[in-house]
Amino acid sequence: MLRWVCLSYGIFVNPNVEEVLELSILDRWGNLVYQLKNVLVVDPKEKIGDWDGTLNGSNIKDGVFTLITKVRYRDEKIVSKNGTIIYLK
């Protein structure tokens, strides 16, 4: 199961994930808001990424965003998932 939790602009992943190959957040027009690539998950209890809720130095507005993910599990299986997230500040 691919599960993401986003708290305080940090992203926590399933303990079985070894590497985040891609994590992209797009606004409703398809503009890239945030992206991580090729991040090894050393400790799943620690957050990865450090997004501050801004785009080009300005705070983003509340809304629905597209999430694109691709991860490699510890058993070497690669999984891609897309979905939506709701951003509320």
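Nearest heavy-atom pair across Arg74 and Pro15 is NE-O, 3.3 Å.
Listed by chain and number, the residues in a side-chain hydrogen bond (donor to acceptor under 3.5 Å, both in side chains) with Asn59 are Lys89 (sequence neighbours excluded). Leu26 is linked by a side-chain contact (heavy atoms from CB on, under 4.5 Å) to Leu32, Thr66, Ile68, counting only residues two or more places apart in sequence or in another chain. Under the side-chain hydrogen bond (donor to acceptor under 3.5 Å, both in side chains) criterion, Asn82 pairs with no residue at all, not counting sequence neighbours. With sequence neighbours left out, the side-chain hydrogen bond (donor to acceptor under 3.5 Å, both in side chains) criterion links Asp75 to no other residue.
Hydrophobic cluster membership of Leu40, counting Ile, Leu, Val, Met, Phe, Trp and Tyr whose side-chain heavy atoms lie under 4.5 Å apart directly or via other members: none, as it forms a cluster of its own. Hydrophobic cluster membership for Ile78: Leu21 (Ile, Leu, Val, Met, Phe, Trp, Tyr linked by side-chain heavy atoms under 4.5 Å, directly or transitively).
By the 4.5 Å heavy-atom criterion applied to side chains, Val20 and Val41 are counted as neighbours. Side-chain contact check for Ile86 versus Phe65: every heavy-atom pair is 4.5 Å or farther apart. With a 4.5 Å cut-off on side-chain heavy atoms, Tyr73 and Val79 count as touching. Two residues are said to be in side-chain contact when any heavy atoms from C-beta on lie closer than 4.5 Å; Lys70 and Lys81 fail this criterion.
Here CD1 of Ile25 is found 7.5 Å from CD1 of Ile60. Values are rounded to the nearest 0.5 Å.
With respect to Glu19 and Arg72, a salt bridge is recorded, a charged nitrogen being found less than 4.0 Å from a carboxylate O.
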